[in-house]
Asker: 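I have a structure I would like to understand better, so I am pasting it below and will then ask my questions one at a time.
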Amino acid sequence: MKLFKWVFSLLLLLAAGAVSAQSGKVVVQWLGQSATKITTPGGKVIVIDPFLINNPKTPPEYKKLEALGKVDLILVTHGHGDHFADAPALARLNNAPMWGPAGMNQAVVTLGILPVELAPRFGKSGTITPLGPNIKITATHAEHSSELLWKNPATGKDETHVGGEPVGFIIELENGFKIYHMGDTGIFGDMKLIGEYYKPDLIMIPIGGHFVLSPKDAAYVTREFLKPKFAIPFHYATIPQLKGTPEEYMQALGPSSTKVYPIKPGEKVEF
Ligand SMILES: [Zn+2]
């Protein structure tokens with residue numbers, strides 16, 4: 001009888017764990033700049049552009065990579081430090097692959113930053129399913145650059161390496177919800193194609209200006225090209241040049257069918 005009770009309690013515990021891991025919801029947590037943690041309806045964890053430890057906007061409690069919990073997959077949009085920084089360490093910590101643009105990951109492997117099995121390559125329009133057939137990740141064009149800055153341990157000097165072409169990601173989750181993480185990008189006409197073809201539910205859109213879309217640009221492409229249900233503005237206020245604000249973005253957008261979440265680093269939205 002005692003054994004039966006013990007087994008029964010264990011089963012209850014296991015069931016509770018499964019329920020908490022699989023909430024059935026999409027949880028999107030922004031961690032400053034473009035760093036994003038997505039928990040899928042099936043409980044998988046995807047981290048995009050993890051720039052955390054030296055990110056002035058990342059809340060202190062997330063400056064330890066362990067604080068992210070178990071990570072199943074890492075995506076990196078391009079080689080710049082404010083996107084790439086903690087990705088190799090996070091890949092090693094979780095033994096999880098860091099997928100990124102083919103040219104960037106080629107440099108990552110050649111330089112010995114990650115072993116080839118942790119730095120798989122893909123390219124624009126390519127769709128990958130590393131978490132099973134129900135989660136599809138497609139790389140899109142981004143109007144930006146992608147140098148990879150690397151400190152050579154042999155010389156102690158900084159070197160600039162080829163970082164491939166920058167990308168954005170369309171991430172389709174188990175329930176069909178589509179997130180367009182735009183990475184760093186300026187305005188380009190094929191955002192209209194991306195809107196029509198992929199029909200993203202949520203866009204995570206850079207608004208800082210200087211290196212990326214300004215609030216005015218971002219509002220234009222949201223309204224005219226992408227037409228998503230939801231938008232989370234990011235990539236602003238991290239350095240002085242990134243002057244755009246969510247208020248300017250929302251003001252430029254005006255009345256819209258897109259619901260904007262002007263969240264702060266560390267905050268989450270459930271869909
Ligand atoms: Zn950036």
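Numbering of ligands and ligand atoms starts at 1, following listing order. Residues take their numbers from the sequence shown, with the count starting at 1.
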Asker: H144 versus H80: any side-chain heavy-atom pair under 4.5 Å?
Answerer: yes
Asker: For the residue pair I187 and E143, establish whether any side-chain heavy-atom pair is separated by less than 4.5 Å.
Answerer: no
Asker: Is any side-chain N of the basic residue among D190 and K192 closer than 4.0 Å to the acidic one's carboxylate O?
Answerer: no
Asker: Under 3.5 Å, sequence neighbours excluded: what are the donor-acceptor pairs made by side chains of residues 123-133?
Answerer:
| from | atom 1 | to | atom 2 | distance (Å) |
| --- | --- | --- | --- | --- |
| K124 | NZ | H141 | ND1 | 3.4 |
| K124 | NZ | E165 | OE1 | 2.5 |
| T127 | OG1 | T138 | OG1 | 2.8 |

Asker: Checking E159 against N152: is there a side-chain donor and acceptor pair closer than 3.5 Å?
Answerer: yes
Asker: May I ask you to list the protein N, O or S atoms found at less than 2.8 Å from the Zn ion (ligand 1)?
Answerer: D82 OD2, H83 NE2, D184 OD2, H235 NE2
Asker: Any Lys/Arg nitrogen of K178 or D201 sitting under 4.0 Å from an Asp/Glu carboxylate oxygen of the other?
Answerer: no
